[in-house]
Protein chains: 2
Amino acid sequence: MTTLRALECLVAVLDTGSVTKAAATLHLSQPALSHQLAGLEREIGTPLLERLPRGVRPTTAGRAVADEARAALAAAERVVTVGQAVAKGTEGHLRIACAASMTAGLLAPVLRTWHRRRPGIQLTLTELTSADALAGLVESGQADLAVGPRPTTWQATVDLIGTEELVAAMTPSHPLATTDSVSLADISQYRTIGYDPENGLHAWLTEVLAGHGVAFTPVMRTRQTTTAAELAAAGLGVALVPTTALPSGYTGTIRRLAPPLTRDIVALTPAAGDSAVRAFVNELTRRGLPIPKPIATRLAR
Amino acid sequence: MTTLRALECLVAVLDTGSVTKAAATLHLSQPALSHQLAGLEREIGTPLLERLPRGVRPTTAGRAVADEARAALAAAERVVTVGQAVAKGTEGHLRIACAASMTAGLLAPVLRTWHRRRPGIQLTLTELTSADALAGLVESGQADLAVGPRPTTWQATVDLIGTEELVAAMTPSHPLATTDSVSLADISQYRTIGYDPENGLHAWLTEVLAGHGVAFTPVMRTRQTTTAAELAAAGLGVALVPTTALPSGYTGTIRRLAPPLTRDIVALTPAAGDSAVRAFVNELTRRGLPIPKPIATRLAR
DNA sequence: CGTACTTACGGGCTTCGTAACGATC
DNA sequence: GATCGTTACGAAGCCCGTAAGTACG
């Protein structure tokens, strides 16, 4: 195995054209440098330098390997500088996993300012539908950070970003659309839109409903929360959807539940705290979880 | 200074996901590898691996430096392989210096077959007008090989490729154009085209003429031999030009000298024999120096 | 005789292996 | 208790510096 030290010596000699001068610039005794060169030539099996009465000159082989030697030295140097830059937070790669409904309202503004402030950090975003899948990505190291509902089990760090409210969505002509307050028991009297078990809401909702002694009988199931809202607007039944999942121009009628139904939106991070990850989470908690304005006004009236 | 060994360890650990497995593939004890990793992390100043109960996982910094580490290892590996390839003659860079008149007739065919047979070797060709300048390039290491007339002084290897004949060139209406044999004394009676001292022919010709007890009085001088031939064809005087310098469609009249005047064309190589250089010279001597066919027929009649 | 590189040899540091330890499941 | 990684310590090897040697002008 060649050593970087030997390559450094070779490059210095090629640059100065003399073993003695190179030894001086490397703060090294001249025989030591000579020994390094000999070792390198022995390893390659051919002379790299032509010894002249006055200094040395590269052979064909010496000229040919010079570029590669410089490349190796530069890459090794970058290992250190890049590593330090990542530790400092000026470079790196932040892999974020999030619930699909989080992207627009919560993450988009944070990502924008983040990228403006730290352009050296590459950002990748993966959207998932299940809170447990989010946790899995972080646990397995495939993501540095997850943003979404609180998963069923999580050992490492959890930071509360905010709460999102779940509301009843339905077609405007629905009987419940005229009442001011809607309870889970009220909804159970009508057809409902359920969630596919793959979506984390499924398990969470069944648990919540069981806690209230109620059970829904969904006419159909879907994976996406926005799809559930659309189906409800189309009159297929009543859907319980997070406010963050409602598009701003939503045509259905929405009603707040009594008592209100909310769930936490949290940031999941590995126990091993990365400075960039912590900084991003701080930014998220600082901004908090906004309720989409159009939805908020329609709920307030 | 980071060491390639440490980078090799890091890459192996990242590839296998386990210190123990990596140690096995590197034929290294596991504590030794662990120590290397510790040293690398100390140098960079940040952990590169996250220690898990079951194996290890790269941190953000670890992932970021992985590419650079691989690049460094690959470059160091290439230093050896490229060096060996150059020694073997399958790769490299052959810098050829030649007299301008040699390019078309002598070098072009050799270069063509050479490049077809050894495509890994990059070829560069520098054309000069002085034989001593050719020698200087080889001596100073700026060229690996020179092809041209024998220089005045040369210590290192000289290989005879062939001889080129110098002939008298003139306009067809010139008095000497009707005679069969032309001597140097005959020419000295007429106006002649001389060479600039920069062109090696100048010194050589004055020496030859002095040897014959003759002296020319050139009406003008030029650097290029082909230019001298053209000027002669245009009627400005008689020019002594190498046959290799005559274009195939030359419009002037050419006459062989009596006695014939020839000079050696040689290959100059450094004392330090490079295998590729020697092979190229062998090819040159094997092919020899062709006399351009159209010129040969016109001289033979 | 001075310059420039190589070889010879001894001291010091690094690297490696065996052994003992700590943590986690 | 089994697995995985770290720490401890002694031995081997490598790197470096001083000193002597060789080649060239």
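Below, chains carry the letters A, B, ... as their sequence lines are ordered, and counting in each starts from 1.
- Nearest heavy-atom pair, A:P270 versus A:D144, reported as atom, atom and distance to 0.1 Å: CD-O, 3.3 Å.
- In this structure, B:H35 places its NE2 atom where only 12 or fewer heavy-atom neighbours from other residues, nucleotides or ligands lie under 6.0 Å away.
- Of the charged side-chain nitrogens involved, at least one lies within less than 4.0 Å of a carboxylate oxygen, so that B:D15 and B:R70 count as a salt-bridged pair.
- The CG-C1' distance, from B:L4 to C:dT14, rounds to 16 Å in whole Å.
- The footprint of chain B on DNA chain D, defined by a heavy-atom cutoff below 4.0 Å, extends from D:dT3 to D:dT7.
- Between B:L28 atom CG and C:dT14 atom P the separation is 18 Å, expressed in whole Å.
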Using side chain to side chain contact (heavy atoms under 4.5 Å, CB included), reason through A:L33 and A:V13 one step at a time and then give a plain yes or no.
CA-CA 9 Å; A:L33 204 166; A:V13 169; 3.4 Å; yes
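- Remark: B:E207 does not engage B:R263 in a salt bridge, criterion side-chain N to carboxylate O under 4.0 Å.
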Using the rule given for side chain to side chain contact (heavy atoms under 4.5 Å, CB included), can you reason through A:L289 versus A:T163, listing the C-alpha separation, both sets of side-chain angles and the distance that settles it, and then say yes or no?
CA-CA 7 Å; A:L289 182 65; A:T163 59; 5.9 Å; no
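- Taking the charged nitrogens against the carboxylate oxygens, B:D67 and A:R78 have no contact shorter than 4.0 Å, which rules out a salt bridge.
- Counting to the nearest Å, the P atom of C:dT14 and the CZ atom of A:R5 are 13 Å from each other.
- Between B:L40 atom CG and C:dT14 atom C1' there is a gap of 15 Å when expressed in whole angstrom units.
- Counting heavy atoms from C-beta outward, A:H202 and A:D196 have side chains that stay 4.5 Å or more apart.
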What pairs of nitrogen or oxygen atoms, one from the protein and one from nucleotides 1-7 of chain C, lie under 3.5 Å apart?
| from | atom 1 | to | atom 2 | distance (Å) |
| --- | --- | --- | --- | --- |
| C:dC5 | OP1 | A:V19 | N | 3.1 |
| C:dC5 | OP2 | A:T20 | N | 3.0 |
| C:dC5 | OP2 | A:T20 | OG1 | 2.5 |
| C:dT6 | OP1 | A:R51 | NE | 2.4 |
| C:dT6 | OP1 | A:R51 | NH2 | 2.6 |
| C:dT6 | OP2 | A:S34 | OG | 2.1 |
| C:dT6 | O5' | A:S34 | OG | 3.4 |

